[in-house]
J.: 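Supplied in structure tokens, the structure appears directly below.
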Amino acid sequence: MVVRTRLAPSPTGAPHLGSAYAALFNRAFAHQHGGQFILRIEDTDKARSSDASESAILEALRWLGLDWDEGPIVGGPKGPYRQSERISTYEQHIQKLCKLEGAFHCFCTKERLDQIRRQQMLEGKVPKYDGLCLSLSESEVEARLEQGVPHVIRLRVPDEGTCQFTDGVRGEIEIPWSQVDMQVLIKSDGFPTYHFASTVDDHLMEISHVFRGEEWISSYPKHQLVYKYFDWKMPQHYHLPLLRNVDQSKMSKRRNATSINYYRRCGYLPEALLNYLATMGWSMPEEREKFSLEEFYAKFDPNRLSSRGPVFDTEKLSWLNGLYIRELSHDELKRRIYDWAFGENRLDALLTLVQERSERFDDLFRQADYILGDRSALDSQQFDHKSVSQQDCLRILDFADRRFESIEEWDREILYSALKTLSEAMSLKFRDFLFPLFVAIAGRSVALPLFDSLVLLGSDVTRVRLRSAIQTLGGISKKQRKILDREWQGLSRE
RNA sequence: GUCCCCUUCGUCUAGUGGCCCAGGACACUGGGUUUUCAUCCCAGCAACAGGGGUUCGACUCCCCUAGGGGACGCCA
């Protein structure tokens with residue numbers, strides 16, 4: 001059998017460490033079996049997907065050296081590899097699935113669905129679709145479709161019995177069908193949901209093995225059902241443990257840097273990051289902790305995968321990274337550091353800023369310290385200001401962070417107008433508004449121009465520094481968060 | 001709340017019934033090398049969640065409890 005694996009990221013944000021983690025195992029398994037590793041872009045969420053995010057993901061995977069054998073840019077025989085370009089395929093398949101009685105049209109309104117969900121929650125039941133439209137006759141369905149009544153297409157799910165399957169990592173798993181919702185397969189905009197697009201594509205792209213995160217276990221029954229209705233062979237699934245925050249919760253950017261770009265910007269080497277990731281939930285037979293990608297491909301064995309979610313420990317990652325840095329040849333080190341510090345025209349942009357403010361060459365390092373490296377640690381007194389209270393600083397930092405969340409293109413002018421607008425909405429003098437941001441970003445209130453600095457640092461480092469500054473100011477309690485949420489909503493409306 | 005998954009040092013892990021009064025690594029502590037620092041070397045600290053079984057024997061198998069996590073969207 002030809003082994004074909006895939007990574008199926010959705011381009012809805014910064015490239016996530018979890019994607020690199022899954023890519024690593026999928027690619028290792030395919031390559032050690034002489035198969036192919038496919039990259040498929042799951043951009044079926046029109047509202048959240050973006051081209052910028054897609055290219056960021058491709059770039060991040062390239063940086064890590066996790067190239068794909070088939071997918072965007074490189075192409076391949078099973079393309080296109082972007083789901084938004086495969087809509088007609090899903091249309092054909094959903095028609096077939098309806099004929100096979102594996103799916104049905106549903107005309108229920110959002111209001112009705114919200115209401116039954118609330119009711120079910122109240123009764124302590126599993127919130128799920130009640131099957132109302134299942135009783136519609138064929139002619140009724142036809143009539144409503146002709147009238148153009150908005151609708152979705154849902155998966156037909158057995159109401160009793162259990163779904164059984166074998167997870168490559170955990171063994172036998174059973175989930176009662178009563179727990180499984182009649183999942184929407186086709187949304188009212190005609191686009192497929194993940195559950196449908198992904199199963200159809202895995203089949204058509206002849207995927208044989210899937211390594212994906214544990215959070216998918218509970219939707220496995222839905223996927224299995226689609227395969228059964230079509231009478232397709234299902235790939236072997238391995239559910240990887242979830243990377244965790246220090247507090248054991250699923251790794252999230254609220255508490256941790258999850259963007260691959262953050263680690264890149266901080267000066268981690270791709271080979272070290274990958275090596276570290278490979279030791280999360282997996283170990284070499286002889287327990288060696290430092291090994292190359294090639295060695296990993298040679299030794300990888302899914303039987304050694306563990307199911308316990310590992311804490312992503314940057315301290316140990318740094319130790320490993322140090323090992324890699326110290327063994328670089330002098331020339332290689334020179335090249336890597338240059339690329340890291342000044343690659344992609346960073347030096348040009350930086351020199352222009354510094355030149356205007358320079359009297360001697362050594363001014364470069366004094367002024368650019370927080371751009372080239374980490375800013376100094378903060379203490380709360382640095383946020384003392386004659387007209388901005390620390391509470392205001394906290395609000396400004398939090399709101400700026402929220403604003404940055406939705407900025408797609410990390411561009412000087414866009415950032416400027418976003419913050420300018422925000423300061424006006426908060427009725428603050430722009431000058432005062434910028435004060436805490438300077439401290440948070442540069443570690444001091446006087447520094448190189450803020451917006452140029454933000455661009456040079458990138459969104460990930462910027463936001464990590466913002467959040468770290470918020471912690472310095474005592475953090476935000478749950479109660480405060482609620483108040484800020486409300487205020488933020490008010491600001492956004494205006 | 002319901003279902004599912006997980007549970008060895010603070011953290012990553014080894015361990016697939018006797019090799020384990022549990023081994024390695026990070027972190028931490030102490031010492032050595034080094035003009036400082038770092039590296040490097042040596043030593044130390046520290047864990048089988050709890051309770052029942054099964055067995056001659058349980059970290060390993062079964063059950064229960066507790067704790068942690070995940071899922072429950074026209075997001076993926």
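These figures come from a predicted structure and were not determined experimentally. Quick note on labels: first sequence line is chain A, next is B, and so on, each numbered from 1.
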J.: Could you give the CE-to-P distance, from A:M251 to B:G70, as a whole number of Å?
T.: 13 Å
J.: Mind checking the C1' distance from B:G44 to B:A38? Whole angstroms is fine.
T.: 22 Å
J.: Take atom CG of A:L277 and atom C1' of B:U13, then tell me their distance rounded to the nearest Å.
T.: 16 Å
J.: Roughly how far apart, to the nearest Å, are B:A71 and B:C63 at atom C1'?
T.: 26 Å
J.: Say we look at B:A27 and B:U2: how far apart would their P atoms be, to the nearest angstrom?
T.: 44 Å
J.: Any idea which of B:C4, B:C72, B:C3 is nearest the A:I217 side chain?
T.: B:C4
J.: Roughly how far apart are A:E271 CD and A:L64 CG, rounded to 0.5 Å?
T.: 10.0 Å
J.: Contact class for A:G281 (heavy atom, under 4.0 Å): base, sugar-phosphate, or nothing?
T.: sugar-phosphate
J.: To the nearest Å, how far apart are A:I325 CD1 and B:A38 P?
T.: 17 Å
J.: Hey, is CD on A:E138 packed in by over 12 heavy atoms from elsewhere, all under 6.0 Å?
T.: no
J.: Can you see if the side chain of A:R304 gets near the phosphate of B:G15 - specifically, an N or O under 4.0 Å from OP1 or OP2?
T.: yes
J.: Show your working on side-chain hydrogen bond (donor to acceptor under 3.5 Å, both in side chains) between A:D313 and A:Y276 and close with a plain yes or no.
T.: CA-CA 9 Å; A:D313 178 10; A:Y276 181 64; 5.1 Å; no
J.: Taking B:A22 as the reference, what is the distance to B:C64 when you measure between their C1' atoms (whole Å, please)?
T.: 26 Å
J.: Using both distances under 3.5 Å as the test, list the Watson-Crick or G-U wobble partner of B:G44, or none.
T.: B:C28
J.: Side-chain N or O of A:T279 versus OP1/OP2 of B:C12: is the shortest distance under 4.0 Å?
T.: no
J.: Protein-nucleotides 73-75 of chain B N/O pairs closer than 3.5 Å?
T.:
residue	atom	partner	partner atom	Å
B:G73	OP2	A:R117	NE	3.4
B:C74	O2	A:S188	N	2.7
B:C74	O2	A:S188	OG	2.7
B:C74	N3	A:S188	OG	3.1
B:C75	OP2	A:K187	NZ	2.8
B:C75	O2'	A:D45	OD2	2.9
B:C75	O2'	A:R48	NH2	2.9
B:C75	O2	A:R48	NH2	3.1

J.: Distance check needed: B:G69 P versus A:R170 CZ, whole Å only.
T.: 16 Å
J.: In whole angstrom, what separates A:F312's CZ from B:U13's C1'?
T.: 16 Å
J.: Would you sort out whether A:S468 and A:R375 count as a side-chain hydrogen bond (donor to acceptor under 3.5 Å, both in side chains), showing the intermediate values?
T.: CA-CA 11 Å; A:S468 135; A:R375 65 139 159 72; 2.9 Å; yes
J.: Suppose you measure atom C1' in B:G30 against the same atom in B:C45; what distance do you get, rounded to whole Å?
T.: 10 Å
J.: B:G15 C1' sits how many Å from A:E287 CD, rounded?
T.: 9 Å
J.: For atom CD of A:E409, decide whether the heavy atoms of other residues, nucleotides or ligands shown that lie under 6.0 angstrom number more than 12.
T.: no
J.: Just the rounded figure in Å: distance from C1' of B:A76 to CG of A:L7.
T.: 12 Å
J.: Between A:K250 and B:A71, is there a side-chain N or O to OP1/OP2 distance below 4.0 Å?
T.: yes
J.: Where each residue is assigned the nucleotide of RNA chain B containing its nearest heavy atom, which of A:M284 and A:E174 is assigned the position nearer the 5′ end?
T.: A:E174
J.: Does a salt bridge link A:D43 with A:R86, judged by any charged N lying under 4.0 Å from a carboxylate O?
T.: no
J.: Given the C1' atoms of B:A47 and B:C21, what is the spacing between them in whole Å?
T.: 13 Å
J.: Look at A:E405 together with A:R463 and state whether they make a salt bridge at an N to O cut-off of under 4.0 Å.
T.: yes
J.: Using whole Å, what does the distance between atom C1' of nucleotide B:U13 and atom CZ of A:F291 come to?
T.: 12 Å
J.: Any N/O pairs under 3.5 Å between the protein and nucleotides 25-30 of chain B? List them or say none.
T.:
residue	atom	partner	partner atom	Å
B:A25	O4'	A:E289	OE1	3.0
B:A25	O2'	A:E289	OE1	2.4
B:A25	O2'	A:K316	NZ	3.4
B:A25	N3	A:K316	NZ	2.9

J.: Do we see a donor-acceptor contact under 3.5 Å between the side chains of A:S318 and A:Y268?
T.: yes
J.: Taking atom types as modelled, find out whether A:D331 and A:S329 have a side-chain donor-acceptor pair closer than 3.5 angstrom.
T.: no
J.: Within a 6.0 Å radius of atom CD on A:E286, are there more than 12 heavy atoms belonging to other residues, nucleotides or ligands?
T.: yes
J.: Rounded to whole angstrom, note down the P distance from B:A14 over to B:U33.
T.: 38 Å
J.: Just the atom pairs and distances: protein N or O near nucleotides 60-65 of chain B's N or O, under 3.5 Å.
T.:
none

J.: Out of A:D201, A:L39, A:N26, A:V210, which residue meets the side-chain contact (heavy atoms from CB on, under 4.5 Å) rule with A:R6?
T.: A:V210
J.: Kindly say whether A:G18 contributes a backbone atom to a donor-acceptor pair with the side chain of A:H16 at under 3.5 angstrom?
T.: yes
J.: Donor-acceptor check, side chain of A:N245 to backbone of A:D247, threshold 3.5 angstrom: yes or no?
T.: no
J.: Is the shortest distance from a Lys or Arg side-chain nitrogen in A:K125 or A:D130 to a carboxylate oxygen in the other one below 4.0 Å?
T.: no
J.: Output the single nucleotide from B:C40, B:G24, B:C4 whose closest atom is nearest the side chain of A:L323.
T.: B:C40
J.: Consider the side chain of A:V126, meaning its heavy atoms from C-beta on, and name the nucleotide among B:C72, B:C4, B:C6 that approaches it most closely.
T.: B:C72
J.: Taking B:G23 as the reference, what is the distance to B:C9 when you measure between their P atoms (whole Å, please)?
T.: 14 Å
J.: For B:A58, what is the paired nucleotide under Watson-Crick or G-U wobble rules, both distances under 3.5 Å?
T.: none
J.: What is the nucleic acid contact for A:M121, judged by heavy atoms within less than 4.0 Å: base, sugar-phosphate only, or nothing?
T.: nothing
J.: Find the partner of B:U2: check Watson-Crick (N1-N3 plus N6-O4 or O6-N4) and G-U wobble (N1-O2, O6-N3) distances, both under 3.5 Å, and reply none if neither fits.
T.: B:A71
J.: For B:U7, which nucleotide is its Watson-Crick or G-U wobble mate, given both distances must be under 3.5 Å?
T.: B:A66
